Structure formats: structure tokens, C-alpha cells
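Note that ligands are numbered from 1 as they come in the structure, with each ligand's atoms numbered from 1 the same way. Positions are given from 1 along the sequence. All values derive from a computational prediction rather than experimental measurement.
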Amino acid sequence: MFSSSDIKQEAEKRALDTTDQEIIGKAIEDGIETAWERFALQQPQCGFGQLGVCCNNCAMGPCRIDPYGGKPSHGVCGANVDTIVSRNLLDDLSVGAAAHSDHGREVVEVLLETAEGKSEGYRICDEEKLKRVAEEYGIGTAGRSKEDIAKDLALGMLAEFGSVKGFIQMAERAPDKTKAIWTEFGITPRGIDREIVEAMHRVHMGVDADFINILLHAMRTALADGWGGSMIATDCSDILFGTPKPLTSWANLGTLSTDKVNVVLHGHNPLLSEMIVQAVEDPELKKYAIEKGAKGINLVGMCCTGNELLMRSGIPIAGNVLDQELAIATGAVEAMVVDYQCIFPSIPATAGCYHTKVVTTSRKAKIPGTQYMEFSAETALSTAKEIIRLAIDNYPNRNLDRVRIPGKPMKVMAGFSEEEIRKALGGTYKPLIDAIVAGQIKGVVGIVGCNHPRIKQDYGHVTLAKELIKRNILVVETGCAAIACGKAGLLLPEAADNAGSRLKAVCNLLGIPPVLHMGSCVDNSRILVMASMVAKELGVSIGDLPLGGAAPEWYSQKALPIGTYFVASGVYTVLGIPPKIFGSKNVLNLLAEGLKGITNSAFAVEPDPVKAADLLEEEINRKRAALGI
Ligand code: SF4
Ligand code: MSK
């Protein structure tokens, strides 16, 4: 498809990072189909779908509405464009909320099994956090074993998924003024599963047809994710595996090794991958790798499983979501181990062109053409060892003529949990508040979300982060956005040289980067907790704070609840990819304008990251002025 002279140009068009560009070039030379080729083949994509005006909810459809105001203006059932667009949005958002929350539930289940002595390889690592969270749940801790406390806490958290109390305990962490807004508009989340199930009910044909009512429930469902499922996932993972602390490691495809067995851990849930981190310490496996001709075993992460491992154990991160096929195309990966979410079903086909084994591990996420090795807490460490043995056995199959490991890894600093940020500030957010009041830090923006083949990989994240720090706005990040900035060298204290002089001085004083890696996608909950603590210290709502959110390259359904719980919590959020709502002016107006009167925040859509930075800065200035600073 490409002449050799075009390959470099094409690679530069697709990705910002030079190691990614090199392997994109190799993949093209090797004739490997990646998301970029498949995206091109999908063009032009369906305009009705992009506008959100197509409904496929029942067997009388699919129905689609003329977006120009002509006929048909209603589906067979009579649903108008506002109903269809808002219902589609709620449907997609609920899928995302379910994904985060079901991940959270699995971590709680393992906490329970660990407390009951039924799991293999797990232990409670952060007893202090266990006790702190247990106290929030009203669970007594004095004189009790950590296992007893953990059992009660796990049961308390599992109850959050239904709706026993009518509210979610974790959401009590929000400031009173924010909770009062939720109460006033009837969007306080009652239970995690409950809101998602109710969303599924509402999108059924002939149930909710009022777009305002539908969108309010979308906010409630998103809040159940952010302040419920995701927050539980974060806190239980911290309890089991340790709350992240600042550390240094490496990022990009150059983290793959030329002479060690390379194992890529990809997906979202740290439950099995943490056991793999333990398994590679087994002296027998180390010896076995050497017997097979390798110099050792090299674990690297990808996407949010990678972020979880980077944050807690300093495992290097090979890349973000568009790197999954590229990692295999290096020809150097013995095994790619996946759990769930953001796994391209294409990877067994890519792996089939090299020697890579793809190992699926979750009952919920099987992919034809992969080797399935089921994860269960009872046998987790044994399964982890088996997986490593399989990868080692595959090492001799590496075809050195087809291997290319690009460039050098980029050093990164990660591990900025909310607790550690607070600790670095001396135990309270007062110094941060003082810095904001003094204008040393103009505001804080969370950049989150994925890569999208419509945007040059990482360009949106990196450009926006650079623009913001230049304007003395501190950036906190999670997910693929954080990996993008890691590859670009922004997760280093030295990157403060790119910041405005006032932010640079703060970073230099604290020895921190101007862009803080706060974790995986579920760890956006850490940003909520931080915002909440600052707001409480000031006695205001989160919506009063000079904060912003952005998802410059999002694609996943999970980004919808993330953006929506940011906005519903009071954080103005700019999306770089338009959501599928432009077919309804009413839906658009409510989300971009109408919400300002409810949560003092709204959504904006701006594909140009420099203009997105302008919007975020304007919003921060507006909130600063309202606070009188
Ligand atoms: Fe068509 Fe209504 Fe069925 Fe949707 S729910 S497919 S608009 S008939
Ligand atoms: S991994 S949801 S592509 S951020 Fe969390 Fe990246 Fe988006 Fe997946």
C-alpha cells in the first residue's frame, strides 16, 4: 500500500512518539494491519451514527432521523431525535460505568477471599488505608485483625452494588455543597448496579422519552461509577497491593528487551498481573529463562493494567492503547497477557504474524485465537507462574531477523496517589490552596482518556499538557493520557522547564513534575477525592474550584461516565473527539450550556488542543474571579 519513501511520512502522521513511529514503519513494511488501516477502511463513517440519530433499540428498527429537520423525524415508535440521541448516550455511558464498576467488584471479591484465607498469593498490603476506609463504613477496627476488618469492609462494599442504604458510602466523601446539588436535582447515586440496571430499563423501547430526565439519570449513573465502582476499585487495589508512592521507571516501546523474555501485561485489572509481578521473582522461573537462552524475564505494562503496575511496582510501561499491535510488531514479545477492556480483538491476528502468544485470562473476555488460562483468586499465583513458563518456552521461537526494538526508553516519575500528594504538601492541601490563591498555580486540570486513530497518537494529550503547564496550570493525569505524557518526557521533574515560571518554581521546590501521573482509568477517583478535600478545606463545592478536565483523544465508552462524573461533580470538561450527540440541539445545549446552571460546569468539544487550553484557562479564570482570587 505504501512505497518505502511514504512509510516515514505515514508513520509521522500517525504518531507523535518516535519509537511508535519506528514500529509503525516496521508494521507497514511487515504488512501488518493495525487500527490505522482499519480506521481508513471505515471511511467515510456513517453520518447518522456519528450524530447519534440512529436507534437500534427494538425490532421495529433500526430507525434513523433526518438530521436536517426533514422526514423521517420520528422512529417507528414515535421517538424523536432528542429521545434517541439522549437514550443512545445513556446506553453507551452505562456500558462504560458497568465496565469500571464490574472491575471494582472483582477487586472487592478478591479482598473478601483474601480475608477469608481462600486466595493464593494475595495479602493485605496497606493496613492503614484498610482501617481508614473501614472507619468510613462504620466498621470497628480497634483490637481486630486486618483480615476481620477486611472481611467486613469487603461485604460493606459489595452491598454498595445493590441499593440497601439508598446512597453510596464513598459518595459521602464529596463536599456538602456538591452533595446538596445532587440532592436538589435528584442525581445522588443510590447503588452502583442499581443505577446501571435502571439505565438499561430506561433505554428500553417505550420507557424514558424525556431527554432531560434521561440525561439526569446519565449523571446519576456516572456518579455511581466515579464515586462508587471506580473509587472502590482504587481503594481496594491500594489495600491489597499498596497505595502508590512516587517512584521512577521507564516508558515507550524501547522498554522491551533484546535479550530477555518479554511479557506484556495489558488491560485494566491488576489482580492477575500483580501475581505475575510476584511470579517472575521465582528463582526457578529465573533459572528456566536462562536455560532457554534468555538473560532474564522482562515485564512491561500496557494501558491501564500497565498503569496499575507502574504506579505500585515501577514496572516499565510499553505504551498506550494504540501500541498494543505495535508491541507485537516489534517481533520481540513472547507473551501478551490480557485481562479486559481496551483489548483489540485483532491482536491474535497480529500475533499470528510473529511468534507472540496472546493469553486471555478472564471468563468475561475470551478472544478466539488466543490461549485461555483462567484467572481465579484461589490459584492466581500458580496461574501466573504457568503463564510465565509459557512465555519462556516461547523465547526460542523469537525470529531475530524480524525483531526491532526502537530507540531508548524515556524515564518517568509516577506513583502520585492522592495520599502521597497530600503527604508531600505536609499533610493538608493548605499549601496547594495557598499556591493557588497566590497565583503560583493558576488551577489544576485532569487530562484523561485514550488514543483515537483520528488524532495523531498522543498529540492531543501532549500538546494540551504543554499548553497548560506553560500557563502555570498544574496537570494531573491518568490512563493513556498519562502514558502519552510519559513517552513525551513530561512526567519528569525536569519537565518543569517547560512550565510557566510560577509553576516551575513550585515544582522545583517540591521536586515534582508539572504533570502528575495519578494512575489508571478507575483512578480518576483519586482526582475526585483530591478535589473534594480541597473544596472541603475551603468550605465550597467542587464546582467553585479553579479546576478543569479534558479527554483529548477519548474513544472508550468508559470515557463517557468519566467526563460526566467530572461535570456532575462540578468540573468543566473539554472533549477532543465529539460525542455522538450533535444530532440533537436540545441535548447539545443542555450538556454544553444548561448544566452550568446546575453544577457550575459543562462539557465543551474542541479538537484543537491549543484552543482547548484556551477554554480551560478561561474557565479557571472565571472560577478564580468568582472566588475573589
Ligand atoms: Fe425505532 Fe423506536 Fe425501536 Fe428505536 S425504539 S428502533 S426509534 S421503533
Ligand atoms: S486504557 S479506557 S484506552 S485511557 Fe484505561 Fe486507555 Fe482509554 Fe482504555
Side-chain angles (χ1 to χ4, degrees), residues 35 48 52-65 72-88 90-92 95-100 103 202-209 214 225 230 233-234 265-270 301-311 317-324 338-344 365 446-453 455 457-458 460-461 477-487 517-525 550-563 575-577 583:
F48 294 97
V53 298
C54 172
C55 180
N56 200 14
N57 280 10
C58 85
M60 290 190 283
C63 302
R64 58 190 199 184
I65 306 299
S73 58
H74 293 82
V76 176
C77 66
N80 67 16
V81 74
D82 299 333
T83 304
I84 290 175
V85 169
S86 58
R87 213 165 48 183
N88 285 342
L90 175 58
D91 200 348
D92 283 352
V95 170
H100 280 149
H103 159 175
R202 286 176 186 234
V203 302
H204 186 277
M205 184 269 152
V207 183
D208 207 348
I214 292 169
D225 171 356
S230 285
T234 297
L265 302 165
H266 173 27
H268 278 77
N269 194 319
M302 180 150 291
C303 287
C304 282
T305 291
N307 280 326
E308 299 270 354
L309 301 175
L310 169 67
M311 290 285 286
I317 190 138
N320 40 10
V321 66
L322 283 176
D323 284 316
Q324 56 192 296
V338 304
D339 45 81
Y340 43 50
Q341 301 167 24
C342 304
I343 320 293
F344 287 168
I447 306 181
V448 306
C450 327
N451 295 134
H452 190 301
I455 296 178
Q457 184 187 9
D458 300 343
H461 299 305
E477 294 197 326
T478 62
C480 288
I483 303 168
C485 286
K487 287 188 268 179
H517 190 337
M518 290 190 75
S520 65
C521 294
V522 294
D523 293 337
N524 286 312
S525 61
E553 304 180 35
W554 74 279
Y555 81 84
S556 154
Q557 294 108 312
K558 289 175 288 171
L560 292 169
I562 294 172
L575 304 175
I577 297 283

Under 4.0 Å from one or more heavy atoms of Gly75, ligand 1 contributes atoms 7 (S)

Could you check if a side-chain atom of Asn451 sits within less than 4.5 angstrom of a side-chain atom of Ile455, using non-hydrogen atoms only? no

Out of all atoms in ligand 2, which are within 4.0 Å of some heavy atom of Cys450? Include the element for each. 2 (S), 3 (S), 4 (S), 7 (Fe)

Can you tell me if CZ on Arg202 sees more than 12 non-hydrogen neighbours from other groups inside 6.0 Å? yes

Restricting to N/O/S atoms, is Cys58 within less than 2.8 Å of atom 4 (Fe) of ligand 1 or not? no

Show the atoms of ligand 2 that are less than 4.0 angstrom away from any heavy atom in Cys521. 2 (S), 4 (S), 5 (Fe)

Work out which heavy atom in Pro552 is nearest to a heavy atom in Gly460; give both atom names and the distance. CB-C, 3.7 Å

Quick check on contacts: which atoms of ligand 1 are under 4.0 angstrom from a heavy atom of Cys55? 4 (Fe), 5 (S), 6 (S), 7 (S)

Heavy-atom gap Gly449 to ligand 2 smaller than 4.0 Å: yes

Output the list of atoms in ligand 2 that are nearer than 4.0 Å to some heavy atom of Val321, sorted by atom number. 3 (S)

Within 4.0 Å of some non-hydrogen atom of His268, the atoms of ligand 2 are 1 (S), 2 (S), 5 (Fe), 8 (Fe)

Do Thr305 side-chain atoms and Gly301 backbone N/O form a donor-acceptor pair below 3.5 Å? no

Sub-4.0 Å heavy-atom contact, Tyr555 with ligand 2: yes

Do Asp339 and Asn269 have a side chain donor and acceptor closer than 3.5 Å? no

Please check if the side chain of Asn88 supplies one atom and the backbone of Cys54 the other of a donor-acceptor pair under 3.5 Å. yes

Contact atoms of ligand 2, heavy-atom distance to Ser556 under 4.0 Å: 2 (S)

Is the ring pair His268/His103 parallel, tilted or perpendicular, if the boundaries are 30 and 60 degrees? perpendicular

Taking both backbone and side-chain atoms into account, decide whether Cys480 has an N/O/S atom under 2.8 Å from atom 6 (Fe) of ligand 2. yes

Going by distance alone, is a donor N or O of one side chain under 3.5 Å from an acceptor N or O of the other, for Thr478 and Asn524? yes

among protein heavy atoms, the one nearest atom 8 (S) of ligand 1 is Cys77 N, 3.4 Å

Run the side chain to side chain contact (heavy atoms under 4.5 Å, CB included) test on Asn57 and Asp91 for me, step by step, so that the C-alpha distance in whole Å, both residues' side-chain angles and the decisive distance to 0.1 Å come before the verdict. CA-CA 10 Å; Asn57 280 10; Asp91 200 348; 4.3 Å; yes

With heavy-atom distances below 4.0 Å as the criterion, list the atoms of ligand 1 near Gly61. 6 (S)

So for Arg87 against ligand 1, with non-hydrogen atoms under 4.0 Å, the contacting part is side chain

Contact atoms of ligand 1, heavy-atom distance to Met205 under 4.0 Å: 5 (S)

Output the list of atoms in ligand 1 that are nearer than 4.0 Å to some heavy atom of Met60, sorted by atom number. 8 (S)

Within a reach of under 6.0 Å around NE2 of His204, are more than 12 heavy atoms found that belong to other residues, nucleotides or ligands? no

Main-chain N/O of Phe344 paired with Gln324 side-chain donor or acceptor, under 3.5 Å: yes

Relative to the heavy atoms of Cys342, which atoms of ligand 2 are at a distance of less than 4.0 Å? 1 (S), 2 (S), 3 (S), 8 (Fe)

Closer than 4.0 Å to some heavy atom of Cys304 - which atoms of ligand 2 meet that? 1 (S), 5 (Fe)

With distance as the sole test, does Gln341 use its side chain to make a donor-acceptor pair with the main-chain N or O of Ala99 at under 3.5 Å? yes

Provide the number and element of each atom of ligand 1 under 4.0 Å from a heavy atom of Cys63. 1 (Fe), 6 (S), 7 (S), 8 (S)

